[in-house]
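Contents: one structure, followed by commentary.
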There are 2 protein chains.
Amino acid sequence: MAVTIRDVARRAGVSPSTVSRALSGKGRMRPETRERIRKIARELGFRPNAHARGLATKVTQCVGVVIDARHVPLEGSFYGPVLEAIEATLDAEGYHVVFSVLRKHRIPKSVVEGRVDGVLLLGTDIGEDIVMPLKERVPVVLVDNHLPQVDAVVGDNVGGARLAVEHLISHGHRRIAFIAETLADLSFRERLAGYLQTMEERGMPLDEGLIAEGERGPWSVEKAMRKLLAQSPLPTAIFAANDHMAIGAMRFLEEKGHRVPEEVAVVGFDDGDLAPHVVPPLTTVRVSRGEMGKVAAKRLLELMRGEGAGAQLIVLSCELVRRRSCGCPN
Amino acid sequence: MAVTIRDVARRAGVSPSTVSRALSGKGRMRPETRERIRKIARELGFRPNAHARGLATKVTQCVGVVIDARHVPLEGSFYGPVLEAIEATLDAEGYHVVFSVLRKHRIPKSVVEGRVDGVLLLGTDIGEDIVMPLKERVPVVLVDNHLPQVDAVVGDNVGGARLAVEHLISHGHRRIAFIAETLADLSFRERLAGYLQTMEERGMPLDEGLIAEGERGPWSVEKAMRKLLAQSPLPTAIFAANDHMAIGAMRFLEEKGHRVPEEVAVVGFDDGDLAPHVVPPLTTVRVSRGEMGKVAAKRLLELMRGEGAGAQLIVLSCELVRRRSCGCPN
DNA sequence: CTGTTAGCGCATTCAA
DNA sequence: TTGAATGCGCTAACAG
């Protein structure tokens, strides 16, 4: 059996509650006794039992990090670095991370069992049906997604898309297409909006035929690209809603004998692990995933401390990473 | 306040202890009362409080998954899919995953605070200094690493290396080099052993100059490759201890004007996310990371149930994934 | 400033 | 088969 607060108390000749106070730092007491007790606790190797403490205080010192199942099968998942940053930030404040995957849209066990003081929800496609019930029990911060009245941190999808499209325009392109796996995802719709705005502002030809949606699953790129290649004249550039689509598009173009970027330039979004390694290296929009995790964790910390009234939406700005697929040299 | 066992008891007209029995399934009781109580509990939306239960039973229903810090900064980390498989396996058994990163070789807080019933340690480089203290408190399973007297699941590094080298030999190569970031890692030493064995058995020229170790950090590939390129004649093939080294080697060779695989064939190890996407696509040795996580989780489950006396080492066999960097067509 | 008392919610004796 | 009593280890009122 591990050493308890009573052992320490006995050894120090005081009561358990005094030990509790000495260790927690709450309430006033003679500094010298406090120090003496702390020293004894250290010597005895005392470790507060998390369950006992949780039972008494109703705080767990744990936060749930739940990832939408839709994002996990993808290797090189976008969220790995986010998770790492979250863990680092939370660990520094003495919190633990309870990691889980959101399956079948059932609200996470960790929350219903009262195992966590707050929740970070990662995924672009988590709806109110799941967020609202959670939010009634613990503070919630959405990552890479947002909903009215809920705290969230997201990348600047609209701004990032503008960067991409502006860049393509600066290369002299006018017929610029947009492709996405789906427009069901909020992020992708926002990127489309950025595309649309920029095209319109810059007086580019806006054409239904230049906007193609794929579908979930392996044939997504195929479907979207077939539509684009049916256009004439062909678009001279493609802005894809994420790297995955962009890379798929490059492969497809190559197969059909179109050269990238000479005939068709391509820009992606995410700056995932693959981007620098594909051929040609992919120009893409980056939002720092580590920053995203860190900021989200910090916001949740505030919420759990009862600070920060009123939901806030934190938008992280994006940058364009120029590589070769857009037509930039070297 | 959430509904407790007492609420259910009151509603059912029985005592709290009866409810506890009904819900836990332990101890005999009239099946109809059991059902009646369970039904009421369901209606009331009763959720056992994890802390109370943990305090009473000393089981947490949590397992710690800790990843060596050395592996986390790498994007596209090898362990993402392992983590996912672990979570899925454990979740199915009602366990929660407490995720953390092993920093500065300090034994994880989650364990010292008694928050977990068992621990999965991921990382090739975790030593006895950290494993042994942990093992005294809870069952431990090592993943991708092994130590005497400790349960572990690993890929068959030796066998995998043999596969790679045999394949290169079958392409007609004789001067086959081996490179690794470091030989401090057990996995890499095992891969070297597999290389050595195969070369010797097949009567290939074994040459100190064909074995190059890099160093931790960005210059690793550079250092190892310089050594190889100083040889004459040059090796005609390179077996790299992991994909990272293999890809680096390909870039280096390309820069120096050597064509892969025509002049120098390259085979990696891991089959990470990048392998199919680099140019030429990398031939590499795969050990299923999902399987690794699943098997490790299952073993830990056994251990936590008190089954499985005596440490066991579970070796997962590898397969060679043939792509183009080895000289295979298409 | 410190000790006493009384739970937190559940599981588990032991009686009935 | 069921209920009452007790304790898991800690915190928090309230006295002293």
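Owing to the predicted nature of the structure, the values given are computational and were not obtained by experimental measurement. Note on naming: letters A, B, ... go to the chains in the order of the sequence lines (proteins, then strands), and numbering restarts at 1 for each one.
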Under 3.5 Å, is there a donor on one side chain and an acceptor on the other for A:Thr124 and A:Asn145?
no

In whole angstrom, what separates B:Asn49's CG from C:dG9's P?
7 Å

Can you find a side-chain donor-acceptor pair between A:His146 and A:Glu190 that sits under 3.5 Å?
yes

Across all chains, not counting sequence neighbours, the salt bridge (charged side-chain N to carboxylate O under 4.0 Å, His left out) partners of A:Glu43 are A:Lys39

Of all the choices, C:dT12, D:dC10, D:dC8, which nucleotide is nearest to the side chain of B:Thr57 once you look at every atom?
C:dT12

What is the distance from CZ of B:Arg6 to P of D:dG3, rounded to the nearest Å?
14 Å

Please state how far atom CG in B:Leu23 lies from atom P in D:dT2, giving the value in whole angstrom units.
14 Å

B:Arg103/A:Asp91 ion pair, N-O < 4.0 Å
yes

Is it true that B:Asp273 and B:Arg289 have a side-chain N and a carboxylate O under 4.0 angstrom from each other?
yes

Tell me yes or no: between the side chains of B:Thr18 and B:Ser15, is some donor less than 3.5 Å from an acceptor?
yes

Salt bridge A:Arg299-A:Glu302, side-chain N to carboxylate O under 4.0 Å:
yes

Indicate whether OP1 or OP2 belonging to D:dT11 is found under 4.0 Å from a side-chain N or O atom of A:Lys58.
no

Under 3.5 Å, which protein N or O atoms sit close to an N or O of nucleotides 2-5 of chain C? Give each pair with its distance.
{"from": "C:dT2", "atom 1": "OP2", "to": "A:Arg30", "atom 2": "N", "distance (Å)": "3.3"}
{"from": "C:dT2", "atom 1": "OP2", "to": "A:Thr33", "atom 2": "OG1", "distance (Å)": "3.2"}
{"from": "C:dG3", "atom 1": "OP2", "to": "A:Ser15", "atom 2": "N", "distance (Å)": "3.1"}
{"from": "C:dG3", "atom 1": "OP2", "to": "A:Thr18", "atom 2": "OG1", "distance (Å)": "2.5"}
{"from": "C:dG3", "atom 1": "N7", "to": "A:Arg21", "atom 2": "NH2", "distance (Å)": "3.1"}
{"from": "C:dG3", "atom 1": "O6", "to": "A:Arg21", "atom 2": "NH2", "distance (Å)": "3.0"}
{"from": "C:dT4", "atom 1": "O4", "to": "A:Ser17", "atom 2": "OG", "distance (Å)": "3.1"}

Could you state the CD1-P distance from A:Ile37 to D:dC10, rounded to the nearest angstrom?
14 Å

Take the protein atom CZ of A:Arg53 and the nucleotide atom C1' of C:dG9, then report the distance between them rounded to whole Å.
18 Å

Rounding to a whole Å, what distance do you find between B:Asp7:CG and C:dC10:P?
9 Å

When you measure from the side-chain N and O atoms of A:Thr4 to the phosphate of D:dG9, is any distance below 4.0 Å, counting only OP1 and OP2?
no

Write down the distance between CZ (B:Arg36) and C1' (D:dT2), rounded to a whole number of angstrom.
12 Å

Roughly, in whole Å, what's the span from CD1 in B:Ile5 to C1' in C:dT12?
11 Å

